[in-house]
Amino acid sequence: QVQLVESGGGLVQAGGSLRLSCAASGRAFSMYTMGWFRQAPGKVRDFVATISWSGVTTYYTDSVKGRFTISRDNAKNTVYLQMNSLKPEDTAGYYCAAGALPTTPQDMALFPGRVDFWGKGTLVTVSS
């Protein structure tokens with residue numbers, strides 16, 4: 001069992017930055033592919049970024065490429081999402097996700113059913 005707790009959300013002006021964190025409890029954090037998804041009001045939950053167990057491989061949705069960076073620190077059981085140049089359309093609840101190996105970052109992005117554990121989310125609001 002893995003519990004995921006997100007933090008770092010808030011209200012920011014367009015063009016600003018936020019850094020989300022997801023702290024994982026439980027064993028074998030390094031055995032999980034990790035990711036961030038987001039869900040805007042009235043819309044489905046979509047993947048934002050995923051990262052391999054080693055941190056070497058990352059995968060991003062097109063709309064955040066060049067603006068967002070996912071990273072992880074296995075020693076701290078934490079995954080991060082650095083969000084720069086934020087836009088109003090980035091406004092959403094952001095959810096941390098964990099998928100046990102052999103789920104790859106691309107697997108998790110394309111098939112959200114491969115996610116084994118979800119956090120409860122943190123809200124990001126970008127004002128224009």
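Residue numbers start at 1 and run along the sequence shown.
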| query | Sub-3.5 Å donor-acceptor pair from the side chain of D116 to the main-chain atoms of A100, do we have one? | reply | yes

| Verdict with supporting geometry, T104 and T57, side-chain contact (heavy atoms from CB on, under 4.5 Å) | CA-CA 9 Å; T104 67; T57 302; over 6 Å; no

| query | Is there a donor in the side chain of T78 and an acceptor in the side chain of D73, or the other way round, less than 3.5 Å apart? | reply | no

| Residue pair P88 / A14: nearest heavy atoms and the distance that separates them | CD-CB, 4.1 Å

| request: Would you check if L123 and Y94 make a side-chain contact, meaning some heavy-atom pair closer than 4.5 Å? | output: no

| note | Distance col, row D90:CG vs S63:OG, nearest 0.5 angstrom, shows 7.0 Å

| query | So, W118 versus F37, ring centres under 6.0 angstrom or not? | reply | yes

| request: Check for a donor-acceptor pair, side chain of Q39 on one end and backbone N or O of K43 on the other, with a separation under 3.5 Å. | output: yes

| query | Tell me, do Q82 and F68 make a side-chain contact under 4.5 Å, heavy atoms counted? | reply | no

| Nearest heavy-atom neighbours spanning P112 and A109 | CD-O, 4.3 Å

| query | For G35 and I70, which heavy atoms make the closest approach, and how far apart are they? | reply | CA-CD1, 4.2 Å

| note | Nearest heavy-atom contact between M108 and T50 is SD-CG2, 3.8 Å

| request: Determine whether C22 and W36 make a side-chain contact, defined as any pair of heavy atoms from C-beta on separated by less than 4.5 Å. | output: yes

| field | Sub-4.5 Å side-chain heavy-atom contact between L18 and V124 | value | yes

| task | Flag this pair as yes if the NZ/CZ of R72 is under 6.0 angstrom from the six-membered ring centre of F29 and inside a 45 degree cone about the axis; otherwise no. | result | yes

| Is S21 reaching over with its side chain to a backbone N or O of S7, donor-acceptor style, under 3.5 angstrom? | no

| task | Please report the shortest heavy-atom distance between R38 and A92, naming the atom on each side. | result | CB-CB, 3.9 Å

| request: Drop me the distance from M34's CE to I51's CD1, to the nearest 0.5 angstrom. | output: 9.5 Å

| task | Tell me, please, whether Y80 has R19 positioned over its six-membered ring: NZ or CZ under 6.0 Å from the ring centre and within 45 degrees of its axis? | result | yes

| message | Please determine whether salt bridge (Lys or Arg N to Asp or Glu O under 4.0 Å) holds for the pair K65 and D62, giving the CA-CA distance in whole Å, both sets of side-chain angles, and the decisive distance to 0.1 Å. | response | CA-CA 5 Å; K65 286 179 181 177; D62 286 345; 2.9 Å; yes

| query | Just how far is it from atom OG of S128 to atom CD of Q13, taken to the nearest 0.5 Å? | reply | 9.5 Å

| Are L81 and V48 close enough, and set up right, to give a side-chain contact (heavy atoms from CB on, under 4.5 Å), and what steps lead you there? | CA-CA 9 Å; L81 185 67; V48 176; 4.3 Å; yes

| query | Can you find a pair of side-chain heavy atoms, one from V79 and one from C96, that are under 4.5 Å apart? | reply | yes

| remark: Scanning both residues in full, the closest heavy-atom pair of R67 with S85 reads NH1-O, 2.9 Å

| Do E6 and L20 have side chains that get closer than 4.5 Å, going by heavy atoms? | no

| request: Using modelled atom types only, decide if a donor and an acceptor are shared between the side chain of S30 and the backbone of A28 within a distance under 3.5 Å. | output: no

| field | ring pair (Phe, Tyr, Trp, His ring centres under 6.0 Å) assessment of F47 paired with Y60 | value | CA-CA 8 Å; F47 109 94; Y60 296 92; 8.4 Å; no

